[in-house]
Amino acid sequence: SDLERQFQARIDAGEKIEPKDWMPEDYRATLIRQMGQHAHSEIVGTLPEGNWVTRAPTLERKAILLAKVQDEAGHGLYLYCAAETLGVTRDEITEMLLDGRMKYSSIFNYPSLNWADIGAIGWLVDGAAIMNQVPLQRTSYGPYSRAMVRICKEESFHQRQGYDAIRACAEGTDAQKKMAQDALNRFWYPSLMMFGPPDSDSVHSAQSMAWKIKINTNDELRQKFVDQTVPQAEYLGLTVPDENLKWNDETGQYDFSQPDWGEFFDVVKGNGPCNVDRLADRNKAWDDGAWVRDGMMAHARKKAAAKIAAE
Amino acid sequence: SDLERQFQARIDAGEKIEPKDWMPEDYRATLIRQMGQHAHSEIVGTLPEGNWVTRAPTLERKAILLAKVQDEAGHGLYLYCAAETLGVTRDEITEMLLDGRMKYSSIFNYPSLNWADIGAIGWLVDGAAIMNQVPLQRTSYGPYSRAMVRICKEESFHQRQGYDAIRACAEGTDAQKKMAQDALNRFWYPSLMMFGPPDSDSVHSAQSMAWKIKINTNDELRQKFVDQTVPQAEYLGLTVPDENLKWNDETGQYDFSQPDWGEFFDVVKGNGPCNVDRLADRNKAWDDGAWVRDGMMAHARKKAAAKIAAE
Amino acid sequence: MTQQEALFQFLLRMGDNTLILGHRTSEWCGVAPVLEEDIALANTALDFIGQTQFWLGYAGEVEGKGQDADRLAFHRDAWDFRNLLLCEMPIGDFGQTIMRQFLFDAWHSIYIARLLKSSDPRVAEIAEKASKEVAYHLERSADTVVALGDGTEESHSRMQKALDYLYPYVGEMFLADDVDAAMVSAGIAPDPAALRDEYDALVQKVLDEATLTVPGNRFAQKGGKNGAMHTEHLGHLLCSMQWLQRVYPDGNW
Amino acid sequence: MTQQEALFQFLLRMGDNTLILGHRTSEWCGVAPVLEEDIALANTALDFIGQTQFWLGYAGEVEGKGQDADRLAFHRDAWDFRNLLLCEMPIGDFGQTIMRQFLFDAWHSIYIARLLKSSDPRVAEIAEKASKEVAYHLERSADTVVALGDGTEESHSRMQKALDYLYPYVGEMFLADDVDAAMVSAGIAPDPAALRDEYDALVQKVLDEATLTVPGNRFAQKGGKNGAMHTEHLGHLLCSMQWLQRVYPDGNW
């Protein structure tokens with residue numbers, strides 16, 4: 001249709017789409033799905049971190065982790081607000097998370113088992129997330145683009161802090177070194193999975209790239225991540241758990257093993273180590289908190305009514 | 001009345017009263033109160049111990065503590081059964097515990113704060129309990145008397161084990177010695193309170209003694225406890241927290257300070273350190289377990305019905 | 001007790017309150033009733049951990065045995081903690097958490113205000129740094145208590161239940177002992193007993209607005225600030241809080 | 001991997017199963033739904049701790065580094081534990097506890113029966129000692145699962161929920177690895193994979209009687225018996241279980 005052509009032309013010209021602008025229903029739906037998943041990931045992602053907030057090794061590390069968790073809840077808030085500009089309420093998409101209609105990043109279905117995992121999450125998981133997110137600062141939807149600018153700034157801060165935490169372990173006692181290596185062993189492949197399936201198997205991609213909702217392909221980003229991360233691991237004296245990993249002089253990048261995509265689809269289907277517990281934790285939080293939300297709402301209504309009555 | 005005189009004559013002659021025998025209503029009510037409180041104490045008493053079952057220092061100590069807790073639940077069961085012979089159901093007196101109409105021993109309203117407390121509970125609390133209970137093996141009500149025979153045998157085993165546990169602490173490292181002394185400091189006076197208020201302030205006593213529901217006075221038993229316990233503390237190298245404690249050559253027993261009876265009545269009134277939490281824990285266990293009891297009952301009915309149908 | 005020992009105890013009390021309450025608050029990570037509360041609770045915990053670093057850091061200096069804030073936080077057993085019992089009570093439901101926060105914040109704001117004029121410049125400096133945070137905490141917890149007290153029937157009853165449960169732990173804030181006497185005579189800190197009227201007025205005002213009833217029974221549970229008898233809850237808290245440091249005492253984090 | 005190392009791992013697996021499940025069971029102390037269950041749960045925990053002493057005691061001897069059962073129980077971090085994930089899952093409600101107990105007991109009874117004929121006389125001896133307890137556990141947990149599955153609507157639905165939650169942790173019992181292969185070839189222990197049919201038949205029979213539906217999805221969570229990836233729950237369990245030993249490593253209890 002003409003509207004669609006005009007819409008695509010605006011995107012091609014690098015213009016931002018704003019909430020009141022006309023947009024194709026698929027564009028709206030795809031954005032809601034993507035932003036919702038991103039928001040949910042911020043929220044669910046605080047669970048493996050919360051698992052170590054109460055066991056952080058120093059007051060300083062505990063403070064850093066609390067600040068990070070606070071930021072992530074904030075990111076969730078920006079993104080839910082940005083999604084609301086597309087006509088879906090925060091409660092609606094929250095409920096879609098809770099009943100399994102919407103996903104969150106599968107990486108959070110892996111457990112955090114030792115303190116170095118918190119470092120690994122910052123270093124690898126936030127690192128991979130940033131690689132996915134930096135291009136989204138240029139995404140076509142204005143509110144999303146602006147949210148991503150704020151988020152990316154904080155994420156790269158988190159990544160540096162994560163790297164610093166795992167560095168302290170890698171440079172520490174033998175037990176600490178073992179923690180760091182154990183964390184890398186468990187988080188390496190799941191991090192590679194964060195870029196999604198190989199381009200050859202990826203759905204949704206072409207249209208999303210035309211709409212500038214997605215900017216790079218999965219494989220491009222994965223390669224970039226490996227190329228950035230391997231030297232960092234080497235600097236830490238840690239071994240990437242991939243026997244096939246080696247620098248390729250011809251391509252000027254690393255050759256590496258693909259993750260187990262069978263495992264990836266298992267986790268997506270709900271069979272990851274923590275899927276059930278994560279969703280149960282979020283559902284419990286939501287259900288247990290219903291009286292609080294209701295109470296706050298009721299009080300706000302009373303106050304508003306009293307104000308009107310007084311006028 | 002004649003019945004009452006005959007009843008008292010039987011007791012005076014050392015006969016046991018059995019469930020189907022006539023008895024004064026006050027005798028029945030007093031026994032229900034006393035046996036119910038005793039049963040409840042066994043049950044509530046497992047809470048401060050449960051608090052350290054999960055943190056016992058060795059597999060052996062953990063096994064000993066589990067066996068003790070199991071015995072105590074068993075004692076609760078004997079006593080509830082004995083009380084049922086007086087025409088009150090286990091559920092009825094359990095509910096009287098849960099809504100505060102019936103008490104349990106106030107000692108369990110004190111917290112178990114370090115591992116040596118588990119030793120102190122065995123040594124002092126079970127020690128005081130035994131002193132209260134041994135005479136009750138000769139109590140006039142048959143089922144109660146027989147329950148007490150079984151209970152006393154196990155209790156004195158527990159006491160020895162408790163003493164052995166605190167002995168290990170007292171003979172251990174400085175930190176362990178500190179635990180043992182700390183435990184004695186906190187449990188000494190509450191243990192003295194277990195014999196009840198001074199005879200001068202004690203209600204119910206005269207009638208209960210005539211009925212042989214109570215055999216010795218509070219002060220007699222308290223003195224006996226002090227005389228038995230002080231040398232044990234000395235043997236452990238621990239200091240009884242009483243500046244006035246000293247051997248009296250004339251009386252052939254120890255002089256000692258009375259506990260703070262104000263505190264005693266505060267705890268009885270519900271203001272002890274753990275009253276609220278203990279009762280909340282028991283209520284939660286009862287409420288959370290309702291579906292289990294209902295389910296078991298329903299299944300038993302189905303099975304019984306099936307059996308009848310098959311006959 | 002020397003003046004130095006008294007000052008050390010005073011600083012432990014301040015630092016343990018914020019450490020333990022900060023820890024409790026951090027238990028909410030990821031599971032608050034609404035996203036704004038996730039943020040607020042993380043922020044409160046963060047403020048408290050920051051204040052802990054100052055108080056326990058100074059405590060370690062005063063003690064003079066080479067213990068820093070981390071060492072004091074993670075290598076003492078329960079009997080050496082000096083926090084108010086109120087701070088170590090479990091988080092319970094959100095109502096219990098926010099009611100405890102309010103009961104503490106009200107006292108904290110009044111107490112910290114006095115410490116601004118402490119004769120000990122380090123104490124005054126820490127109080128100065130903390131005072132804005134503390135004022136914000138109070139504003140927020142009071143607002144939330146009012147909203148939930150005067151919200152639905154259920155939220156009202158949960159808040160009243162929380163208040164009834166926690167009120168016996170209020171009295172300990174105003175018990176004065178030798179340590180307090182030493183601080184008063186040195187002009188370092190106020191007499192706790194002298195603050196009760198101001199506290200009661202503040203609390204009464206907020207709870208009135210929240211349509212909640214202050215319990216009549218003023219019986220005070222005690223034993224936290226002098227360490228004589230903590231609750232059973234503290235030991236379990238330490239199991240988590242100190243796990244890593246106890247298992248890997250040589251770690252460099 | 002030497003034969004000795006394989007035997008050590010095998011013994012850790014046996015001992016860690018009973019240690020961790022025994023610990024979980026002991027968490028019920030004082031709060032079971034009915035007094036008879038308080039007694040039964042304490043008894044089960046007690047049996048498991050006793051079995052742990054045998055398995056880990058022998059494990060320490062085989063390892064030959066001077067570690068006794070207590071040292072192994074209380075001084076390893078999560079990554080060195082070799083229990084099935086099933087054993088470390090939280091107690092949940094009573095339904096979850098008793099369903100886990102049944103799913104474990106069914107496997108345990110089949111497995112222990114094979115160990116009676118172990119070529120290693122110590123293994124056979126421990127299995128002999130445990131076998132009566134294990135048979136009793138199974139009888140009791142199966143009866144309770146039947147009663148609650150075929151009880152009220154609520155008890156049925158709670159038991160089905162527990163089964164659905166725990167079933168993904170069943171598969172790990174039948175995964176065989178190098179350690180198992182070494183045990184099989186030495187005649188010490190059976191091939192776990194070969195026991196599944198017998199297990200399925202036993203479980204199916206009881207769950208049928210309990211009117212419960214065995215989940216169709218056989219996806220197996222794994223990583224416990226080889227230690228590659230425990231759940232987040234184990235670390236928290238160790239915080240309590242090992243607290244005293246970690247804080248007071250020189251203690252003599």
Side-chain angles (χ1 to χ4, degrees), chain A residues 39 43-74 76-77 80 90 94 114-115 165 168-169 171-173 175-176 179 281-282 284-286 288-303, chain C residues 19 22-50 52-53 56-57 69-70 73-74 93-95 98 144 146-156 158-159 210 237 240-245 247-248 250-253:
Chain A
I43 304 310
V44 176
T46 62
L47 294 173
E49 293 177 325
N51 190 39
W52 285 92
V53 161
T54 50
R55 290 177 291 175
T58 66
L59 294 168
E60 191 63 26
R61 292 284 176 205
K62 184 167 175 140
I64 290 170
L65 188 53
L66 279 165
K68 185 183 180 197
V69 161
Q70 190 185 0
D71 285 348
E72 283 160 348
L77 207 50
Y80 285 128
R90 200 207 299 184
T94 297
N114 79 53
W115 167 252
C169 290
E171 294 173 356
T173 62
Q176 285 181 286
M179 285 179 201
D281 283 351
R282 285 307 306 158
K284 184 172 189 308
W286 186 252
D288 288 355
W291 72 270
V292 177
R293 297 188 300 276
D294 291 348
M296 286 174 166
M297 195 77 80
H299 182 73
R301 272 194 301 265
K302 286 186 199 178
K303 266 177 70 174
Chain C
L19 173 61
H23 184 92
R24 283 292 186 218
T25 311
S26 78
E27 291 177 18
W28 277 99
C29 184
V31 295
V34 59
L35 206 40
E36 286 80 354
E37 292 303 323
D38 272 303
I39 295 171
L41 290 165
N43 186 58
T44 303
L46 184 55
D47 288 345
F48 279 148
I49 299 305
T52 304
Q53 289 177 298
L56 293 188
D70 283 320
F74 299 118
D93 68 0
F94 182 78
I98 206 69
T144 311
V146 168
L148 295 176
D150 183 33
T152 60
E153 206 171 308
E154 181 180 4
S155 74
H156 175 86
R158 282 182 183 256
M159 295 308 286
L237 181 154
S240 297
M241 192 179 85
Q242 300 183 338
W243 168 253
L244 262 188
Q245 300 82 359
V247 177
Y248 302 105
D250 302 327
N252 212 319
W253 310 99

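Letters A, B, ... mirror the listed sequences (proteins, then strands); counts begin at 1.
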Validation row: [X], [Y] side chains within 4.5 angstrom (heavy atoms):
| X | Y | value |
| --- | --- | --- |
| A:L47 | C:V31 | yes |
| A:W52 | C:L244 | yes |
| A:R282 | A:V44 | yes |
| C:W253 | C:D70 | no |

Between [options], which has the largest tally of heavy atom pairs under 4.5 Å with chain C?
| options | answer |
| --- | --- |
| A:P57, A:A175, A:A56, A:G74 | A:P57 |
| A:K62, A:K303, A:R293, A:H299 | A:H299 |
| A:L77, A:T54, A:T46, A:T173 | A:T54 |
| A:Q176, A:K302, A:R55 | A:Q176 |
| A:E49, A:E60, A:E72 | A:E60 |
| A:V292, A:N114, A:L59, A:L66 | A:L59 |

Can you tell me how far apart [atom1] ([X]) and [atom2] ([Y]) are? Round to the nearest 0.5 Å.
| X | Y | atom1 | atom2 | result |
| --- | --- | --- | --- | --- |
| C:E36 | A:M296 | CD | CE | 9.0 Å |
| A:I64 | C:L46 | CD1 | CG | 10.0 Å |
| A:R61 | C:I49 | CZ | CD1 | 15.0 Å |

Closest non-hydrogen contact found for C:A32 with A:A285 is O-CB, 4.2 Å
C:D38 versus A:A73, closest heavy-atom pair with distance:
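Heavy atoms of C:D38 and A:A73 come nearest at CB-CB, 4.2 Å.
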Select, from C:W243, C:F48, C:Y248, C:W28, the one with the greatest count of heavy-atom pairs under 4.5 Å involving chain A.
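Between C:W243, C:F48, C:Y248, C:W28, the count favours C:Y248.
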Quick one: of C:S240, C:A42, C:A147, who has the most non-hydrogen atom pairs under 4.5 Å with chain A?
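So the answer, after comparing C:S240, C:A42, C:A147, is C:A147.
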Checking [X] against chain A: side chain, backbone, both or neither under 4.5 Å from a heavy atom?
| X | value |
| --- | --- |
| C:L19 | side chain |
| C:A40 | neither |
| C:F94 | both |
| C:E37 | side chain |
| C:E27 | both |
| C:R158 | side chain |
| C:V146 | both |
| C:I39 | both |

Can you tell me if NZ on A:K284 sees more than 12 non-hydrogen neighbours from other groups inside 6.0 Å?
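It does not: A:K284 NZ has 12 such atoms or fewer within range.
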For atom CG of C:N252, is the number of surrounding heavy atoms from other residues, nucleotides or ligands below 6.0 Å larger than 12?
no
Given that the side chain runs from C-beta out, which part of [X] has a heavy atom under 4.5 Å from chain C: side chain, backbone, both or neither?
| X | value |
| --- | --- |
| A:D294 | both |
| A:I43 | side chain |
| A:R301 | neither |

Quick check against the 3.5 Å criterion: does C:H156 have a side-chain atom that pairs as donor or acceptor with the backbone of C:G149?
yes
